[in-house]
Undergrad: 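Next up is a structure, given as structure tokens.
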Amino acid sequence: MQGTVDGFSYGLVTPLAAYVMACLGGALGLRCTTRSLLVAGSWRPGWLALGSMAIGSGIWTMHFIAMMGFTVREAPIHYDKPMTYASLGVAILMVGIGIFIVGYRGASGAALFTGGTITGLGIASMHYLGMAGMRLDGKLEYNTLTVAASVLIAMVAATAALWAAGQVRGFLWSVGASLVMGLAVSGMHYTGMAALRVHLHGTADPATGDSPAALLAPMLIGPLAFLCLAGVVVLFDPLMVMGRPALPRPEPKPGVPAHAPLPHPTRRLALRTRRHPARSGSRTPQNR
């Protein structure tokens, strides 16, 4: 028999909270990626790794906050913890590969396509691997076309986000990009959930057991704490807010006089009237 699926058991609370977490992770990750483009040497891998962890943690937290509102009326839901944390690792790893490609190759066409594709596939893999960790007395089935649409949304969103990070613009630019990225990631999640059908094995009995919120809340503590720490790093780094390196002031050197700028001489251009060949002579003809 087919189960009765409800993805909004708490109303708009879980979708809005999930969207905020997706935006937060995207904003922190994009600023870290932008910061990596402003430095060189041994600092760049650290900023890129921090950005990939922020984006991966943000989309993973977004997914399971949204899953708090997902219920099947006839069957209780449980989650396999190793599979759930494995989805977090896959998200961080694949998002990190895409971010490192753009961080070292720049926001060129080939790098954006490759990095955006890998990052989008990482987001989609996190979603469906997290769904595979869901345990209930039934079978999950998906509509192939809707799943393909959700993967395409994730790839386009990841490419657009990496392009925005490679522009090295100001803080408001990254905020706008993170809002769009959060909307796209949330749209990918609910598009994938729209493809889901649950076929139960047993009879229609009322669900018993802990609520999804009680099961998922303890697993979200770690990624939420990490996002808070990453936010502190962003707030206390001035270049992360400015989005461009501060130009160093010239240091005064002894023995080198400071030359005052020479004023430009004002030249008066004499207006010269052009004389046409027909008017070069006298107006009155001279007969000689």
Side-chain angles (χ1 to χ4, degrees), residues 2-9 12 14-26 29-30 52 55-72 77 79-80 83-84 86-99 112-136 138-164 177-199 212 216 223:
Q2 186 172 353
T4 304
V5 175
D6 185 8
F8 303 94
S9 59
L12 294 178
T14 50
L16 291 178
Y19 174 71
V20 170
M21 294 310 303
C23 293
L24 177 61
L30 293 180
S52 62
I55 295 179
S57 300
I59 61 177
W60 186 85
T61 306
M62 171 267 157
H63 170 80
F64 284 102
I65 288 179
M67 290 303 294
M68 288 182 178
F70 177 81
T71 57
V72 179
I77 299 176
Y79 290 89
D80 181 71
M83 187 72 71
T84 300
S87 65
L88 174 61
V90 168
I92 294 176
L93 177 62
M94 296 190 69
V95 169
I97 293 174
I99 286 180
L112 279 177
F113 177 77
T114 306
T117 300
I118 296 175
T119 302
L121 291 177
I123 296 173
S125 300
M126 179 278 306
H127 174 85
Y128 291 105
L129 188 59
M131 294 298 295
M134 188 170 59
R135 300 288 183 262
L136 52 80
K139 180 181 179 181
L140 305 181
E141 294 183 357
Y142 296 93
N143 181 275
T144 305
L145 293 178
T146 311
V147 170
S150 67
V151 175
L152 182 62
I153 292 173
M155 293 170 58
V156 172
T159 304
L162 293 178
W163 174 82
S178 65
L179 294 177
V180 176
M181 182 180 180
L183 182 62
V185 172
S186 300
M188 175 266 161
H189 171 83
Y190 286 105
T191 301
M193 296 305 294
L196 176 65
R197 296 294 182 271
V198 179
H199 294 276
L216 294 173

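Sequence positions, counted from 1, serve as the residue numbers for this chain.
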Undergrad: Mind checking the CE-CE spacing from Met193 to Met131? Nearest 0.5 Å is all I need.
TA: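 Met193 atom CE to Met131 atom CE measures 4.0 Å (nearest 0.5 Å).
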Undergrad: Of the non-hydrogen atoms in Leu30 and Ser178, which two are nearest, and what is the gap between them?
TA: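 Taking every non-hydrogen atom into account, CD1-N, 4.1 Å.
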Undergrad: Name the one of Ile99, Leu93, Ile97 that satisfies side chain to side chain contact (heavy atoms under 4.5 Å, CB included) with Val95?
TA: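 The residue from Ile99, Leu93, Ile97 that satisfies side chain to side chain contact (heavy atoms under 4.5 Å, CB included) with Val95 turns out to be Ile99.
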Undergrad: Quick check for you: to the nearest 0.5 Å, what is the distance between Met68 atom CE and Thr14 atom OG1?
TA: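 The distance works out to 9.0 Å.
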Undergrad: Does atom OH of Tyr190 have more than 12 heavy-atom neighbours, drawn from other residues, nucleotides or ligands, at distances under 6.0 Å?
TA: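 It does: Tyr190 OH has more than 12 such atoms within range.
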Undergrad: Provide the closest heavy-atom pair for Ala184 versus Ala157 in the form atom of the first, atom of the second, distance.
TA: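 What the structure gives for the nearest pair is CB-CB, 3.2 Å.
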Undergrad: With rounding to the nearest 0.5 angstrom, report the OG1 to CG distance, Thr71 to Asp6.
TA: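 Nearest 0.5 Å value for the OG1-CG distance: 4.5 Å.
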Undergrad: Classify the ring geometry of Tyr79 against Phe64: parallel below 30°, tilted from 30° to 60°, perpendicular beyond 60°.
TA: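 Plane angle over 60°, so perpendicular.
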Undergrad: Under the rule for side chain to side chain donor-acceptor pair (under 3.5 Å), what residues qualify as partners of Tyr19, not counting sequence neighbours?
TA: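 Here no residue qualifies.
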Undergrad: What distance do Leu179 atom CG and Leu183 atom CG have between them, rounded to the nearest 0.5 Å?
TA: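 It comes to 9.0 Å.
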Undergrad: Indicate yes or no: at least one non-hydrogen side-chain atom of Met83 is less than 4.5 angstrom from one of Leu129.
TA: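 Side-chain contact under 4.5 Å: yes.
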Undergrad: Rounded to the nearest 0.5 Å, how far apart are CZ of Arg197 and CG of Leu140?
TA: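 Taking CZ in Arg197 and CG in Leu140, the distance rounds to 12.0 Å.
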Undergrad: Can you see which heavy atom on Ala124 is nearest to which on Val151, and at what distance?
TA: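 It is CB-CG2, 3.9 Å.
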Undergrad: Check step by step if side chain to side chain contact (heavy atoms under 4.5 Å, CB included) holds for Val72 and Thr4.
TA: CA-CA 6 Å; Val72 179; Thr4 304; 5.9 Å; no
Undergrad: Closest approach of Ser186 and Ala22, non-hydrogen atoms and distance?
TA: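 Heavy atoms only, the tightest pair is OG-CB, 4.4 Å.
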Undergrad: Are Val90 and Met126 side-chain neighbours, meaning at least one heavy-atom pair lies under 4.5 Å?
TA: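 Of all side-chain heavy-atom pairs linking Met126 with Val90, none is under 4.5 Å.
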Undergrad: Sequence neighbours left out, what passes side-chain contact (heavy atoms from CB on, under 4.5 Å) with Thr114? Give chain and number order.
TA: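 With sequence neighbours excluded, Thr114 shows a side-chain contact (heavy atoms from CB on, under 4.5 Å) to Ile101, Ile118, given in chain and number order.
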Undergrad: Testing the basics here: between Leu88 and Gly56, what is the closest heavy-atom pair and its distance to 0.1 Å?
TA: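 Closest approach of Leu88 to Gly56: CD1-O, 4.1 Å.
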Undergrad: Rounded to the nearest 0.5 Å, what's the gap from CE on Met188 to NE2 on His63? Could you check?
TA: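 NE2 of His63 is found 8.5 Å from CE of Met188.
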Undergrad: Return the set of residues passing side chain to side chain donor-acceptor pair (under 3.5 Å) with Thr191 (not counting sequence neighbours), or none when no residue passes.
TA: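 With neighbours one apart ignored, the set is empty.
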Undergrad: Is there a donor-acceptor pair closer than 3.5 Å between any side-chain N or O of Ser150 and the backbone N or O of Val147?
TA: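 Checked: pair present.
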Undergrad: Ignoring hydrogens and geometry, is there a side-chain-to-backbone donor-acceptor pair from Trp60 to Thr84 under 3.5 Å?
TA: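 Side chain of Trp60 to backbone of Thr84, a donor-acceptor pair under 3.5 Å: yes, one is there.
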Undergrad: Report the residues that fulfil side chain to side chain donor-acceptor pair (under 3.5 Å) with Gln2, sequence neighbours left out, ordered by chain and then residue number.
TA: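 Not a single residue meets the side chain to side chain donor-acceptor pair (under 3.5 Å) criterion with Gln2.
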Undergrad: Please find the pair of heavy atoms, one from Leu162 and one from Leu112, that lie closest to each other, and give the distance.
TA: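 That closest heavy-atom pairing would be C-CD2, 3.8 Å.
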Undergrad: Which residues pass the side chain to side chain donor-acceptor pair (under 3.5 Å) test with Ser52, sequence neighbours left out?
TA: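 Testing Ser52 for side chain to side chain donor-acceptor pair (under 3.5 Å), a comparison that skips the adjacent residues, returns none.
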Undergrad: Please enumerate all residues that pass side-chain contact (heavy atoms from CB on, under 4.5 Å) together with Met181, with sequence neighbours excluded.
TA: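 Here the qualifying residues are Ile55, Ala161, Val185.
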